[in-house]
There are 2 protein chains.
Amino acid sequence: MGGTRRVANDPLRRQRILDAALAVIAERGVHGTSHRGIAAEAGVPLGSLTYYFDSLDAIFEQAFQQLADSMSEHYRTALTQAGDVAEACLAVTDLICGDQYASARELTLLHEMYAYANHSKAVAETCAQWLGRSRASLSQHFPDRAARAIDALIEGWPMHQAWEHEPLDRELVRATITAIAQRFA
Amino acid sequence: MGGTRRVANDPLRRQRILDAALAVIAERGVHGTSHRGIAAEAGVPLGSLTYYFDSLDAIFEQAFQQLADSMSEHYRTALTQAGDVAEACLAVTDLICGDQYASARELTLLHEMYAYANHSKAVAETCAQWLGRSRASLSQHFPDRAARAIDALIEGWPMHQAWEHEPLDRELVRATITAIAQRFA
DNA sequence: ACCAAGTGTGTACGGTCGTACGCACTTGAG
DNA sequence: CTCAAGTGCGTACGACCGTACACACTTGGT
């Protein structure tokens with residue numbers, strides 16, 4: 001029953017468009033991102049974008065959703081690998097200081113996502129989910145109150161660092177995390 | 001010597017344009033802000049914008065500079081009024097939880113500024129200055145290491161809160177600040 | 001009074017944007 | 001093979017954008 005089934009010729013194209021969108025946003029910001037820029041970056045014709053996505057806003061929404069998903073996942077694995085609280089503190093320190101979470105590209109994209117979320121209901125929801133998942137990862141090792149405080153720190157420290165000229169003091173970060181963990185143990 | 005001196009008819013106009021720019025950015029984001037939108041908000045003709053400012057980027061740069069200045073000032077007075085470390089901890093708690101620094105409007109504008117700074121040398125410099133001044137205010141009461149950690153928290157916590165549904169736990173914030181202050185006393 | 005020069009604005013132009021849409025191509029059912 | 005239906009794309013259109021600029025207005029010096 002139900003009509004004939006057709007198969008997409010290029011099922012990866014949709015994904016490549018989303019990747020290209022994030023690349024353009026990282027380089028030029030949401031304010032400098034257009035259908036044509038994304039199409040050029042992805043190497044697909046302009047018509048493809050309107051075929052796969054309803055609007056430019058829809059592209060942003062789904063691209064940011066993908067960003068949040070991949071960051072949540074990275075976040076989760078980093079904390080799941082930790083065996084005890086001490087290791088968890090170290091994992092968090094790496095998250096803050098390392099080039100993994102805090103790479104310039106991811107930080108830039110995060111800023112763009114937060115800015116965009118203030119004007120998009122859908123992306124605001126994405127942010128809320130990403131927040132919830134990051135706290136859930138933290139809760140594997142820390143009590144709720146500590147998780148909240150540490151989460152705020154993970155957010156704020158790399159953001160501050162983005163405008164700083166000197167590198168982040170790794171030992172200072174570790175000591176701060178440990179102090180919070182002990183305070184709310 | 002030097003030609004004749006002329007006087008501006010409306011010396012406040014420049015300032016009103018900058019205020020209008022921030023209003024439009026807060027409401028529609030940088031990506032939705034145009035010369036015409038700002039002109040309508042300020043109640044001035046379109047030509048005024050190109051007369052007072054070289055380009056739209058220049059307007060953004062100066063509007064964000066003004067934002068950073070006013071926030072730095074608010075920040076500084078809040079901390080200067082504190083008499084000792086305990087009062088400073090309370091002042092910081094207010095900064096994080098209160099509606100003053102953390103009002104939805106200021107938070108939105110901050111997100112927009114950070115996002116824009118990744119693509120503008122001038123605004124990046126504005127961010128760096130604003131960061132330096134906030135840490136200087138903190139240094140009135142806290143040693144350098146504590147100031148850095150607390151500063152990160154002030155940045156991250158309200159940002160996190162923006163996507164949270166329940167209100168911030170004021171007592172948790174105070175306890176965290178105090179713990180950091182004691183750890184690096 | 002007259003003029004040079006600074007102040008302010010309405011309009012228009014070239015360009016880019018988001019999106020719609022007609023058309024070619026592909027494919028599986030009959 | 002035939003064809004209906006889904007897939008994919010080139011092009012075009014109306015809207016809006018940033019900016020330039022010609023032109024009026026105001027004012028201080030002479």
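So that the names make sense, note that chain A is the first sequence line, chain B the second, and so on, each numbered from 1.
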Item to check | Lys/Arg N to Asp/Glu carboxylate O, Arg14(A) vs Asp19(A), below 4.0 Å | outcome: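 A salt bridge is absent here (no side-chain N lies under 4.0 Å from a carboxylate O).
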
Checklist entry - Could Asp57(A) and Lys121(A) be called an ion pair, given the rule that one side-chain N must be under 4.0 Å from one carboxylate O? => result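 Salt bridge absent between Asp57(A) and Lys121(A).
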
Item to check | Nucleic acid contacts of residues 16-27 of chain B, taken as heavy-atom distances under 4.0 Å to DNA chain D | outcome: none

Item to check | Contact list for DNA chain D against residues 42-51 of chain A - heavy-atom distance below 4.0 Å | outcome: Pro45(A), Leu46(A), Gly47(A), Ser48(A), Tyr51(A)

Item to check | Residue pair Thr126(A) / Leu67(A), side-chain heavy-atom distance below 4.5 Å | outcome: no

d([atom1], [X]; [atom2], [N]) in whole Å:
{"X": "His35(A)", "N": "dC17(C)", "atom1": "NE2", "atom2": "P", "answer": "11 Å"}
{"X": "Ile38(B)", "N": "dC17(D)", "atom1": "CD1", "atom2": "C1'", "answer": "12 Å"}
{"X": "Arg13(A)", "N": "dC25(C)", "atom1": "CZ", "atom2": "C1'", "answer": "13 Å"}
{"X": "Phe53(B)", "N": "dG8(C)", "atom1": "CZ", "atom2": "P", "answer": "12 Å"}
{"X": "Leu56(B)", "N": "dT16(C)", "atom1": "CG", "atom2": "C1'", "answer": "15 Å"}
{"X": "Asp57(A)", "N": "dC17(C)", "atom1": "CG", "atom2": "P", "answer": "16 Å"}
{"X": "Tyr52(A)", "N": "dG18(C)", "atom1": "OH", "atom2": "C1'", "answer": "20 Å"}

Residues 23-46 of chain A, side-chain donor-acceptor partners within the protein, below 3.5 Å, at least two apart:
unit_1   : atom_1 : unit_2   : atom_2 : d
Thr33(A) : OG1    : Gly29(A) : O      : 2.7
Ser34(A) : OG     : Gly37(A) : N      : 3.1

Checklist entry - Nearest 0.5 Å, what's the CD-CD distance between Gln66(A) and Gln15(A)? => result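 Between atom CD of Gln66(A) and atom CD of Gln15(A) there are 4.0 Å.
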
Checklist entry - Between Phe60(B) and Tyr116(B), is the ring centre distance below 6.0 Å? => result yes

Next on the checklist: Does Arg36(B) contact dG18(D) through a side-chain donor or acceptor facing the base, at a distance under 3.5 Å?
Outcome noted: yes

Checklist entry - Is the side chain of Thr50(B) donor-acceptor paired with the backbone N or O of Gly47(B) at a distance under 3.5 Å, no angle test? => result yes

Checklist entry - Would you call the rings of Tyr75(A) and Trp130(A) parallel, tilted or perpendicular, where under 30° means parallel and over 60° means perpendicular? => result perpendicular

Checklist entry - Would you call the rings of His111(B) and Tyr114(A) parallel, tilted or perpendicular, where under 30° means parallel and over 60° means perpendicular? => result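 Geometry flag for Tyr114(A) against His111(B): tilted rings.
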
